[in-house]
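Below, chain A is the first sequence line, B the second, and so on; all start at residue 1. This structure is a prediction, so every number in the text was calculated from the model and none was measured.
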Protein chains: 2
Amino acid sequence: MSDTYHHGNLREALIEAGIRIINESGENALSLRKVAAACEVSHAAPYAHFKDKNELIEAIKMSVTEQLMCELEDAIKSAANSESAIVGMGKKYVSFFLKNPDYFKFLFRRQNITAHLKTDEKTDDDYPPFVLLKKTYLKYLKENRIEKNKKEQEVELLKIWASAHGLAAIACMSGVIPSFDWDEMLEGDDLLR
Amino acid sequence: MSDTYHHGNLREALIEAGIRIINESGENALSLRKVAAACEVSHAAPYAHFKDKNELIEAIKMSVTEQLMCELEDAIKSAANSESAIVGMGKKYVSFFLKNPDYFKFLFRRQNITAHLKTDEKTDDDYPPFVLLKKTYLKYLKENRIEKNKKEQEVELLKIWASAHGLAAIACMSGVIPSFDWDEMLEGDDLLR
DNA sequence: TATAATAACTTTACATTGTCAAGATTGGAG
DNA sequence: CTCCAATCTTGACAATGTAAAGTTATTATA
């Protein structure tokens, strides 16, 4: 009857609507029915594209992660060498989540514990930003002819990673910290090295 | 009629039941009604002790944080000096959440934990583990007669904190980097210094 | 091109959940 | 003992996730 029976691009529209809702009202306001309503489809329409709510959430996560990856790649491009690329990535990582605190809480929260039990052979390759950091780090070692064994590499990589991720976590989870000037803090090179 | 109309200690029982449910089935399985049922009271009974679900969650958070604080204080006690106390705290912090990954996701899911990072500020709202670290850090500076201005102190404290918190985050968050041997990693002194 | 198959969507239905309101029960202060 | 406030129950309601069955449009196929 109506030519709008089929949305045409509902899957993407649902993801975008989901992101909008998270940004406007936080993750706890994200419901399948609201997302569906935002796309002007019935409340069960999403089930044609996602198995359940968790699958929609995973898709949104992927979309947000892609955004982050773009910024990280920009940071690498505008760095003189791979050492400053690492620092630049760290800053970008923190500032990205500082700009979108809801994204952090949303991304790093396991929705369904049982959903992850199947794929227990997860590797670090699962999280693209970490893969990018690892690549940049290895390039840095090579560029500066630094010899380290696997273990030492792992530890150092982990330290760099924890530093950036930890800062982002603190910045986003601690609520508003008016007394602390994050922008200024990120100006210096000291913090993430 | 029945002598069990009044539970007697329902508030504490609800908190304990909540913790049990989180440990057994994850946070997403935590519902007011299930917690009430676990205590064998009606579904609306919790409202005599908590304004809403969020208040129960906050109470559970406080309880878990107290557990963590006990372990952190133990770590300080068994350290030779305040420098090794800082390292010990970091290890304890990570291993605590490594032992109880659900606690991490649960504690840092919402915004209410506020860490005021200004060194000279002290509020009741402070996140207790951070306050303890700050105290230990200042003692360390004094003990070793290290002169640093406020800004330098803030940055260093933040780095230590981010390191520990970031490691815990990575260790607990789903599938980010599960391929590391965390126990062995925490054996060395290198990681958190 | 006609028709069958399939994907996309709607409607209906139901269980779970958070929360409120009104009432029942009980311990304790006076 | 009496009354009050705290505690708990019952019943209700709206929001939500999700399953089932039916409807419509698109696509494939003959």
Taking the side chain of A:Ala48 as its heavy atoms from C-beta onward, which of C:dC9, C:dA13, C:dG18 lies nearest to it? C:dC9
Counting only heavy atoms from other residues, nucleotides and ligands, does the tally under 6.0 Å from NZ of A:Lys150 exceed 12? no
Closer to the 5' end of DNA chain D via nearest nucleotide, is it B:Arg11 or B:His43? B:Arg11
Between B:Lys134 and B:Trp161, does the side chain to side chain contact (heavy atoms under 4.5 Å, CB included) criterion hold? Intermediate values first, please. CA-CA 9 Å; B:Lys134 190 157 80 181; B:Trp161 179 251; over 6 Å; no
Using whole Å, report how far NZ of B:Lys51 lies from C1' of C:dG18. 12 Å
Taking for each residue the nucleotide of DNA chain D bearing the nearest heavy atom, is the 5' side occupied by A:Ala44 or by A:Lys34? A:Lys34
For B:Ile21 and C:dT16, what is the distance between atoms CD1 and C1' respectively, to the nearest whole Å? 14 Å
Of the listed C:dG18, C:dT11, D:dG17, the closest approach to the B:Arg33 side chain comes from C:dG18
Nearest-0.5 Å distance that lies between atom NZ in A:Lys51 and atom CG in A:Leu56: 12.5 Å
Looking only at the side chain of A:Leu32 (C-beta and beyond, no hydrogens), which of the listed nucleotides D:dT10, D:dT18, D:dA12 gets closest? D:dT18
B:Phe50 CZ to D:dA6 C1': how many Å, rounded? 15 Å
A:Glu55 CD to D:dT18 C1', in whole Å, measures 14 Å
Closest listed nucleotide, where the reference is the side chain of B:Ser31 and the choices are D:dG17, C:dC9, C:dT17: C:dT17
In whole Å, I'd like the distance from the CG atom of B:Asn9 to the P atom of D:dA6. 18 Å
CG of A:Asn28 versus C1' of D:dA15: gap in Å, rounded? 14 Å
Whole angstroms only, please: what is the OH-C1' distance between A:Tyr47 and C:dC9? 14 Å
B:Asn100 (side chain) donor-acceptor with B:Asp102 (main chain) under 3.5 angstrom: no
Which of A:Phe96, A:Phe104, A:Phe97 passes ring pair (Phe, Tyr, Trp, His ring centres under 6.0 Å) with A:His165? Answer is A:Phe104
Look at the side chain of B:Lys53 and decide which nucleotide, out of C:dG18, D:dT18, D:dT9, has an atom nearest to it. C:dG18
Whole-Å gap separating C1' (C:dC9) and CG (A:Leu14): 12 Å
